[in-house]
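Structure, as structure tokens:
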Amino acid sequence: MQSLPHHNRSLAVLTGAGISAESGVPTFRGPTGLWRNYHPEELATPHAFRRDPELVWAWYDWRRGLVGACRPNAAHHTLADMEQHSACLTLITQNVDGLHQLAGSSQLVELHGNLWRLRCTRGCRPPWEDRAVPLPAIPPRCPGCGALARPDVVWFGEPLPAAALEAAWSAARRCQVMLVIGTSALVQPPASLPLLAMEHGARVVEINPDPTPLSERVDEVIRQPAAAALPAWWRKYRRTTDPGLSWAKPAVRPEEPA
Ligand code: BV8
Ligand code: ZN
């Protein structure tokens with residue numbers, strides 16, 4: 001395998017709530033993830049919404065208020081810069097906070113939707129953007145047919161958007177390097193993406209201050225917060241003139257004279 005110059009080696013990046021932690025966004029499993037003593041998994045379900053849409057919307061309104069006051073950090077900005085300088089970068093996020101877009105990332109695969117989009121529970125029209133904080137009415141209603149509106153996110157027990165999932169699978173199969181940033185790797189199907197990338201020979205690097213179920217399986221672990229670790233990783237990556245040595249899986253080289 002001819003080792004590719006680093007600027008046209010395909011990179012895939014998977015992000016989770018941890019990349020937004022330094023922007024002030026509560027992570028799901030961190031101490032700040034709880035709301036009124038509800039675990040996210042209890043509220044982010046179609047069942048919870050059917051049972052009490054006001055309660056679920058109060059939670060999303062609280063999160064929109066919180067996230068709306070947050071700004072992208074150095075890790076988000078580095079990913080936007082990487083997009084500018086990489087021929088082939090696929091940024092796959094589990095986050096619904098919209099901070100990647102705010103940082104300027106456009107090649108983004110949102111696996112779990114977005115807090116700033118609403119959709120009609122009757123499906124009478126495509127999802128629409130609504131950035132009102134707080135929402136004028138809880139629960140909000142569809143401006144077209146007056147039916148209940150819901151956040152345009154994927155709830156537990158719901159399938160992921162097929163196009164986003166396919167884009168993520170193919171990026172994982174194609175990439176030479178996958179960065180896994182700020183995820184506890186517990187929620188499926190996203191947690192399987194790094195495994196798929198490894199099965200296809202990619203080098204997988206985890207950036208997370210804490211261990212995860214992936215840590216002992218990946219090629220490299222950077223135990224630092226993302227806003228510090230990612231800019232440093234990208235500077236080193238770009239400086240690398242001989243990609244085969246440090247980043248991609250060592251190329252199968254013809255026997256080099258000893
Ligand atoms: C589906 C949107 C099928 C909503 C979200 C049993 C076994 C295996 C799987 C299952 C099971 N039971 C059920 C399932 C499936 C389920 C699942 O995986 N459950 C888990 C809990 C076991 N998955 C589903 O239900 C999915 N759908 O399977 O559908 C289907 C198919 C066809 C037809 C019908 C059905 C849907 C899952 C999506 C749910 N929606 N979000 C909303 O946000 O309101 S998931 C949500 O939680 C996030 O999007 C994210 O995916 C997840 C949280 O994980 P992380 O982002 O990783 O965050 P976390 O807090 O956990 O960790 C933060 C990490 O950051 C930590 O490691 C920490 O150390 C680190 N960190 C902290 N600070 C920093 C940092 N890292 C770097 N820098 C820092 N500064
Ligand atoms: Zn409608």
Side-chain angles (χ1 to χ4, degrees), residues 2-25 67-68 70-117 129 131 161 163-183 190 193-194 197 200 202-208 218-220 222 224-249:
Q2 177 53 34
S3 56
L4 298 170
H6 74 268
H7 55 269
N8 64 8
R9 204 170 334 129
S10 87
L11 274 170
V13 179
L14 174 66
T15 64
I19 199 170
S20 297
E22 293 158 275
S23 296
V25 179
V67 170
C70 297
R71 287 290 158 266
N73 61 56
H76 297 106
H77 290 298
T78 301
L79 288 170
D81 180 51
M82 287 167 69
E83 183 183 301
Q84 299 308 317
H85 295 91
S86 306
C88 178
L89 171 78
T90 307
L91 174 53
I92 305 159
T93 191
Q94 299 169 76
N95 300 345
V96 295
D97 58 28
L99 292 183
H100 284 305
Q101 293 94 325
L102 224 46
S105 288
S106 59
Q107 309 295 329
L108 181 66
V109 177
E110 285 184 314
L111 289 177
H112 293 162
N114 189 298
L115 271 179
W116 302 110
R117 278 197 311 269
E129 182 160 293
R131 302 191 76 93
L165 203 47
E166 186 37 49
W169 288 141
S170 69
R173 281 192 296 266
R174 237 173 334 100
C175 66
Q176 272 98 13
V177 176
M178 176 179 275
L179 293 180
V180 182
I181 308 172
T183 183
L193 290 165
H200 285 71
R203 177 181 178 77
V204 176
V205 180
E206 179 183 66
I207 296 179
N208 193 319
V218 298
D219 301 286
E220 182 182 355
I222 302 175
Q224 289 171 26
L230 189 57
W233 183 89
W234 178 230
R235 275 194 301 278
K236 207 163 94 182
Y237 180 89
R238 295 189 67 185
R239 248 201 338 269
T240 307
T241 52
D242 182 338
L245 281 181
S246 57
W247 302 107
K249 289 261 183 240

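For this chain, numbers begin at 1 and follow the sequence in order.
- Rounding to the nearest 0.5 Å gives a distance of 10.0 Å between CG of L11 and CG of L79.
- Considering only heavy atoms from C-beta on, L193 stays 4.5 Å or farther from Q94 through its side chain.
- The shortest side-chain heavy-atom distance between M82 and W233 falls under the 4.5 Å cut-off.
- From I181, atom CD1 reaches atom CG of L230 across 4.5 Å, with rounding to the nearest 0.5 Å.
- Using a 4.5 Å cut-off on side-chain heavy atoms (C-beta onward), P190 and H112 make contact.
- Partners of R173 under the side chain to side chain contact (heavy atoms under 4.5 Å, CB included) rule, at least two apart in sequence or in another chain, are E166, W169, S170, L196, H200.
- The OG atom of S105 sits 8.5 Å away from the CD atom of Q84 when rounded to the nearest 0.5 Å.
- Judged by distance alone, the side chain of T90 and the main-chain N or O of A171 form no donor-acceptor pair under 3.5 Å.
- In terms of heavy atoms, A226 sits closest to I19 at CB-CG1, 4.2 Å.
- The nearest pair of heavy atoms linking S86 to W234 is OG-CH2, 3.7 Å.
- Separating the CD1 atom in I222 from the CG atom in L179 is a distance of 7.5 Å, to the nearest 0.5 Å.
- Closest non-hydrogen pair, Q224 versus I207, comes out as O-CG2, 3.7 Å.
- Taken from CH2 in W116 to CD in E129, the straight-line distance is 9.0 Å, to the nearest 0.5 Å.
- Nearest heavy-atom pair across P72 and L99 is CG-O, 3.6 Å.
- Smallest separation of non-hydrogen atoms from S20 and N95: OG-ND2, 3.8 Å.
- Residues passing the side-chain hydrogen bond (donor to acceptor under 3.5 Å, both in side chains) test with T93, sequence neighbours excluded: T15.
- Within the structure, salt bridge (charged side-chain N to carboxylate O under 4.0 Å, His left out) contacts touching residues 12-24 (residues at least two apart or in different chains) do not occur.
- Among all heavy-atom pairs drawn from D219 and V204, the shortest one is OD2-N, 2.7 Å.
- Annotation: salt bridge (charged side-chain N to carboxylate O under 4.0 Å, His left out) contacts involving residues 95-114, sequence neighbours excluded, comprise E110-R117.
- How far CG of L91 is from CG of L108: 5.0 Å, rounded to the nearest 0.5 Å.
- When the side chain to side chain contact (heavy atoms under 4.5 Å, CB included) test is applied to A21, the partners found at least two apart in sequence or on another chain are T27.
- Side-chain contact between L111 and I92 is present, with at least one heavy-atom pair separated by less than 4.5 Å.
- By the side-chain hydrogen bond (donor to acceptor under 3.5 Å, both in side chains) test, S23 pairs with N73, sequence neighbours left out.
- Using a distance-only test at 3.5 Å, with no hydrogens or angles considered, no donor-acceptor pair links the side chain of Q107 to the main chain of E83.
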